[in-house]
Amino acid sequence: MLNNSGNMPEIESKNLTIIEDQLKYEALAAKKSDVYAQYFADPALKSCAQQLANHHRDNFNNLLNYLESHR
């Protein structure tokens, strides 16, 4: 739903806090997965950790884009 100026409505403070927390969790999970990928010698485990890192980076970017769309 658009507000009077044609932009997306502002995000309520409580929801903004939740999204900000989730951004932090996704960034941390991506970093941890990258570190785990460096430690694994098994190519299958390394690939799995890299895919997991990419998944968390995608989640982070999607949340960030959502916030940007509500500016």
Side-chain angles (χ1 to χ4, degrees):
M1 186 174 274
L2 301 177
N3 62 18
N4 291 340
S5 64
N7 296 326
M8 296 295 285
E10 289 186 19
I11 300 173
E12 294 180 13
S13 177
K14 181 179 179 181
N15 291 336
L16 184 58
T17 301
I18 292 169
I19 293 171
E20 288 172 341
D21 287 344
Q22 192 62 38
L23 278 168
K24 292 175 191 173
Y25 299 144
E26 294 294 346
L28 180 61
K31 288 178 187 177
K32 284 183 175 183
S33 297
D34 280 331
V35 169
Y36 295 147
Q38 292 174 2
Y39 285 119
F40 289 132
D42 183 325
L45 292 175
K46 182 180 281 287
S47 175
C48 183
Q50 289 169 336
Q51 288 176 4
L52 188 59
N54 289 335
H55 176 76
H56 286 294
R57 269 191 287 280
D58 288 344
N59 288 347
F60 179 90
N61 289 329
N62 288 337
L63 285 168
L64 195 58
N65 290 335
Y66 178 78
L67 285 177
E68 290 291 327
S69 73
H70 284 77
R71 274 190 158 186

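Bear in mind the structure is a predicted one, so any value in this text is a computation, not a measurement.
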*Examine Leu28 and Leu23 and state if one hydrophobic cluster contains both, with Ile, Leu, Val, Met, Phe, Trp and Tyr joined whenever side-chain heavy atoms are less than 4.5 Å apart.*
no

*Applying the 4.5 Å side-chain criterion to the ILVMFWY set and letting contacts propagate, would Phe60 and Ile11 be lumped into a single cluster?*
yes

*CD of Glu12: more than 12 outside heavy atoms within 6.0 angstrom?*
no

*Does Tyr25 OH have over 12 foreign heavy atoms under 6.0 Å away?*
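No, because the 6.0 Å sphere around OH of Tyr25 holds 12 heavy atoms or fewer from other groups.
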
Spacing of [atom1] belonging to [X] relative to [atom2] belonging to [Y], to within rounding of 0.5 Å:
| X | Y | atom1 | atom2 | result |
| --- | --- | --- | --- | --- |
| Arg57 | Glu26 | CZ | CD | 11.5 Å |
| Asp34 | Leu52 | CG | CG | 9.5 Å |
| Glu10 | Leu16 | CD | CG | 10.0 Å |
| Gln50 | Gln38 | CD | CD | 9.0 Å |
| Ser13 | Glu20 | OG | CD | 8.5 Å |

*asked:* Between His70 and Tyr66 (judged by ring centroids, cut-off 6.0 Å), do the two rings come close enough to count as a pair?
replied: yes

*Criterion side chain to side chain contact (heavy atoms under 4.5 Å, CB included) against Asp21, the qualifying member of Thr17, Ile18, Ile19*: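 Going through the options one by one, the only one that passes is Thr17.
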
*Short side-chain to backbone donor-acceptor contact, Ser33 and Ala29, under 3.5 Å*: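 It does hold such a pair.
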
